[in-house]
Novice: 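Mind looking over this structure? Questions follow.
Since we're looking at a predicted model, the values are computed, not measured. All values below were derived from every heavy atom in this structure, side-chain atoms included, with hydrogens, water molecules and symmetry-related copies excluded. Here is the naming used below: chain letters follow the sequence lines, and residue numbers restart at 1 for every chain.
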Amino acid sequence: MNELPIQRVLPELLDRLRRGGSAVLVAEPGAGKTTQVPLAFIHEEWLSGRKIVMLEPRRLAARSAAEYMSRMLGEQPGGTVGYRVRMDSRTSRATKIEVVTEGILTRMLQSDPGLEDVGMIIFDEFHERNLQGDLGLALALEAKAALREDLRILVMSATLEAEPVAALLGNAPVVNCPGRQFPVETVYRPPAAGTPLEKHMAAVIREASASHPGDVLAFLPGRGEIRRVQAELESGGIPADCVVRPLYGQLPQKEQEAAVLPDPQGRRKWILATSIAETSLTIDGVRIVVDCGYMRTQLFSARTGMPYLATDRVSRASADQRRGRAGRTAPGIAYRLWSHEVQNHLRSRNTPEMLQTDLAPLALELAAWGVQDPRDMLWLDPPPENAYERGKELLQRLGAARPDGSVTEKGRKMAELGLHPRLSAMMLQAEEMGQSGLAAVLAAVLQERDIFRAGPGAGPDSDIRSRVQAVNRWEQQGVAGSHIDEAALKRIVQESRYMQKRLDTNSAGAWQIEKSGLLLSFAYPDRIGQSRGGGKFLLTSGRGVELPGEQPLSREAYVTVAAVDDRKGAEGKILLAAPVSLEDLRRHHGDDITEETTVEWDPSLGGVKSRHQLRLGAIVLRESPAAEPPAEAVAQALLDGIRAEGLGILAWTKQAVQLRQRLQLMHEADPDWPDMGDEALLEHLEEWLLPYLYGIKSRSGLQKLQLVPILEQMVGWDKKSRLDQEAPTHITVPSGSKIAVDYSNPKQPVLAVKLQEMFGLHETPKICFGKIPLTIHLLSPAQRPVQITSDLASFWKHGYFEVKKDLKGRYPKHYWPDDPLEAIPTRRTRPHPQ
DNA sequence: TCTTCTTA
């Protein structure tokens with residue numbers, strides 16, 4: 001057998017760690033680090049009989065690493081080399097190397113912070129930057145600093161950028177190792193403008209398969225895209241020696257195997273996969289990779305406390321990892337469905353899980369570890385404050401932590417259960433109710449992949465009780481039923497039995513399946529939903545969610561929503577839920593139920609509604625009219641109503657409108673006068689309107705308010721008398737008529753008057769401290785405007801004679817003097833001689 | 001119409 005590249009760097013690595021401390025090993029794929037490195041250390045003297053613990057991100061990887069190393073020693077796992085993952089371990093007194101999943105290290109450290117029987121911890125695949133890996137390293141560094149200076153830490157990573165980790169380990173030495181892989185040619189093939197990515201993907205798969213040997217592995221974001229590409233390929237016809245195989249996590253195990261194993265009929269596989277094939281599954285025989293360049297990840301909204309899915313461009317590291325899948329067994333080719341330009345803008349790494357996930361589990365571990373402030377610890381990326389605070393709040397709500405962040409006795413038990421704190425809280429509560437059996441199944445269903453596959457013609461089913469019933473049928477009769485993934489069902493059964501066993505319980509009562517929603521409410525007190533009709537629910541957190549499609553659950557009054565996909569700007573989508581009775585909510589969440597009297601403007605009523613409410617968070621469990629709401633609250637609610645509906649809700653009479661316009665004119669000339677614009681009036685409602693609102697409850701009451709005296713009161717007597725002078729309601733014209741001034745444009749007040757009434761007036765009248773000339777609309781005898789002017793003197797001199805000629809033709813009986821400034825003004829046809 | 005993992 002060829003020497004593996006890792007052999008050449010092992011002496012250096014051994015030497016570095018003999019001197020104590022830590023090291024970073026950067027090894028490219030194919031170097032052989034996972035199996036060679038731990039074995040190289042087992043005879044080191046400094047171990048002095050202690051174990052080596054190696055961390056793997058996945059159970060499968062932990063088991064196969066242990067199996068491989070055991071085989072090299074001619075042993076079975078559980079001898080010199082063992083493993084430990086959830087629900088399964090092979091170790092013995094002889095075990096010197098224990099391969100564990102990342103979460104196991106946390107449990108080991110929490111029960112024995114000095115890790116007395118461990119001499120060395122190896123973090124494998126650390127570049128994946130899973131939350132559990134980051135947490136494990138942070139805890140291990142504290143253990144080393146405080147209790148175990150001799151503890152060796154080796155971080156192994158497949159990609160460069162080792163410097164930050166080396167720095168975190170106290171300037172640890174970095175050892176580099178080349179890999180051993182077959183060359184893979186890279187081709188950039190962006191879709192032509194207007195071509196959908198899925199259509200393009202199908203065309204490239206076809207072309208690549210025709211011109212290169214081997215199986216095709218195509219990367220897509222999710223199930224929907226996979227189905228559409230499959231349909232596209234099938235509609236164009238598939239060569240007889242090829243077969244399309246979808247591959248994603250939700251796919252039943254049998255179908256996943258069909259994608260991973262060689263085709264029994266020897267056909268070439270066209271595998272359409274999600275990122276599951278990037279690291280979790282390896283497929284032999286792939287020589288062609290087609291990468292669409294997108295990946296779907298779950299993000300966590302600290303605002304709503306709910307997760308959501310997002311589809312984004314892959315990172316360069318992911319794209320390289322995907323490409324490498326074509327060179328495992330022979331030289332290959334990788335098609336990237338994006339341009340060089342896009343390639344240059346890809347982010348270099350995936351976002352560490354720490355920065356985008358729910359941090360309640362982390363907060364619980366740190367509380368149990370005794371940490372008050374995570375900033376006191378060493379992190380590559382410290383937990384973001386928002387999400388961490390949100391996590392701490394949830395722990396408090398679940399009774400796991402005190403307000404100062406310290407862990408409670410219950411919290412310690414929850415951490416030991418090794419579940420999400422929500423599910424642990426439910427388990428403990430269920431134990432007291434004698435329902436730990438049912439709770440264990442609910443927790444297992446929520447932890448594992450869904451066992452349901454919608455059958456043909458079956459509607460959506462978000463009721464978690466159907467899964468519980470399937471588990472029940474399996475336990476009672478050993479039948480899985482159609483549309484059920486049997487392998488997933490078995491995992492759930494195993495998981496639920498395991499969890500129930502871990503509660504030191506003797507209270508396994510018969511399942512009361514109708515209590516599912518209640519049990520879930522102990523895990524998700526912020527996601528108890530009240531029906532709003534049409535399958536929509538309002539959650540106690542204040543968020544709106546809805547069921548996908550019509551289903552019986554839509555008719556329930558209250559549900560607990562366990563699994564949900566939050567969507568920005570829309571109702572979140574309920575994935576799994578169960579009904580809960582109002583009676584149970586009142587009995588078990590009584591401490592969270594608040595009583596309050598609300599006084600609100602009700603737009604449909606057009607008035608103030610006051611109610612006495614029993615609330616559970618944002619949802620109202622019961623309400624009744626409140627007998628005597630406080631007057632101040634009613635007045636405030638009226639103001640809310642006016643703000644919501646606008647000033648138009650008040651009765652603006654002609655006089656009131658004109659008064660407001662006149663005041664606005666004054667304001668524009670002198671800012672010392674109040675602003676009468678809508679915005680300003682609404683902003684100052686409390687000052688000018690509130691005192692008049694007592695006793696009023698509705699729109700009709702508001703409309704009885706006399707606005708003229710209210711506005712006059714607002715400006716005060718002094719300003720009111722100046723207003724009458726400087727912005728008069730009427731102007732007396734030469735004929736003796738009192739004509740109303742039109743202030744509807746406060747910058748240009750208008751005086752509309754018959755031309756004949758103005759004879760003898762030399763100059764345009766001015767108002768507002770003589771600053772604003774009136775705009776005069778001179779009217780014909782029939783009240784039609786014939787001229788608009790703000791310069792009367794000029795009109796008499798120039799414009800009048802043209803106008804006169806015209807008017808004389810149309811109104812011959814009227815008086816049209818040649819000298820308008822000397823003529824007698826009149827409102828009649830001709831002036832009456834005295 | 002839901003990406004992938006994980007807790008002695």
Side-chain angles (χ1 to χ4, degrees), chain A residues 53 55-62 82-91 98 100-112 115 117-118 125 128-136 139 219-228 247-251 273-281 294-299 307-312 314 318 350-351 353 356-358 361-362 364-365 368 414-421 423-424 443 446-450 452-454 458-462 491 495 498-499 501-502 546-549 563-567 572-576:
Chain A
V53 167
L55 269 53
E56 290 295 328
R58 283 164 288 281
R59 295 178 195 168
L60 188 69
Y83 67 84
R84 193 185 293 275
V85 301
R86 186 177 179 84
M87 297 185 284
D88 184 16
S89 72
R90 298 277 160 84
T91 59
E98 208 171 292
V100 306
T101 33
E102 289 171 337
I104 298 274
L105 178 70
T106 306
R107 299 267 59 78
M108 290 171 122
L109 281 158
Q110 293 281 22
S111 73
D112 173 17
L115 234 45
D117 57 348
V118 177
E125 314 285 2
E128 289 192 17
R129 299 296 312 281
N130 301 313
L131 182 70
Q132 291 284 6
D134 276 15
L135 170 62
L139 298 182
F219 284 99
L220 288 154
R223 193 173 61 176
E225 291 85 354
I226 287 174
R227 285 209 183 138
R228 289 193 289 275
L247 178 59
Y248 49 88
Q250 291 271 48
L251 203 64
T274 60
S275 45
I276 194 173
E278 196 177 308
T279 50
S280 305
L281 296 177
Y294 289 89
M295 67 192 305
R296 194 157 289 144
T297 44
Q298 190 181 61
L299 306 180
Y308 63 97
L309 287 175
T311 309
D312 277 313
V314 292
S318 261
N350 288 347
T351 308
E353 196 182 2
Q356 56 184 21
T357 195
D358 172 13
L362 180 81
L364 180 57
E365 295 298 348
M414 284 166 56
E416 281 167 16
L417 275 181
L419 291 170
H420 190 286
L423 300 179
S424 296
L446 289 166
Q447 282 222 118
E448 289 291 331
R449 290 201 257 265
D450 200 354
F452 267 30
R453 303 189 285 146
D461 180 4
S462 310
R491 277 197 303 274
E495 173 81 40
Y498 171 78
M499 276 190 281
K501 219 167 54 193
R502 296 202 44 196
E546 65 184 333
L547 287 163
V564 63
D565 180 17
D566 204 6
R567 288 179 292 193
K573 186 169 55 167
I574 299 175
L575 302 172
L576 286 173

Novice: State which of B/dT4, B/dT7, B/dC2 makes the closest approach to the side chain of A/Arg107.
Specialist: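 Ranking B/dT4, B/dT7, B/dC2 by closest atom to the A/Arg107 side chain puts B/dT7 first.
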Novice: Does A/Thr274 put a side-chain nitrogen or oxygen below 4.0 Å from OP1 or OP2 of B/dT4?
Specialist: yes
Novice: Salt-bridged, A/Arg58 to A/Glu128, with N to O below 4.0 Å?
Specialist: yes
Novice: Donor-acceptor check, side chain of A/Arg84 to backbone of A/Leu105, threshold 3.5 angstrom: yes or no?
Specialist: no
Novice: Of the nucleotides B/dT4, B/dT6, B/dC2, which has the atom closest to the A/Tyr248 side chain?
Specialist: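 Among B/dT4, B/dT6, B/dC2, the one nearest the side chain of A/Tyr248 is B/dT4.
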Novice: Which residue lies toward the 5' end of DNA chain B, A/Leu60 or A/Gln298, if each is placed at its nearest nucleotide?
Specialist: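 Checking each residue's closest nucleotide, the 5'-ward one belongs to A/Gln298.
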Novice: A/Arg502 side chain to A/Glu416 main-chain N or O, any donor-acceptor pair under 3.5 Å?
Specialist: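 Yes: the side chain of A/Arg502 pairs with the backbone of A/Glu416.
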Novice: Out of B/dT1, B/dT3, B/dC5, which has the shortest distance to the side chain of A/Arg227?
Specialist: B/dT1
Novice: Are OP1 or OP2 of B/dC5 and a side-chain N or O of A/Thr101 less than 4.0 angstrom apart?
Specialist: no
Novice: As a test of reading the structure: which of B/dC5, B/dT7, B/dT3 is closest to the side chain of A/Arg449, going by heavy atoms?
Specialist: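 Per side-chain heavy atoms of A/Arg449, the pick is B/dC5.
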Novice: DNA chain B: A/Glu416 or A/Arg296, which has the more 5' nearest nucleotide?
Specialist: A/Arg296
Novice: Counting only side-chain heavy atoms from C-beta out, which of B/dT3, B/dT7, B/dC5 sits nearest to A/Arg223?
Specialist: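 Nearest to the side-chain atoms of A/Arg223, counting from C-beta on, is B/dT3.
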Novice: Quick one: is A/Thr311 getting a side-chain N or O under 4.0 Å of the B/dT3 phosphate, OP1 or OP2?
Specialist: no
Novice: So does A/Gly418 get a backbone contact from the side chain of A/Arg86, meaning a donor-acceptor N/O pair under 3.5 Å?
Specialist: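 Such a contact is found between A/Arg86 side chain and A/Gly418 backbone.
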Novice: Can you check whether A/Arg59 has a side-chain N or O nearer than 4.0 Å to OP1 or OP2 of B/dT7?
Specialist: yes
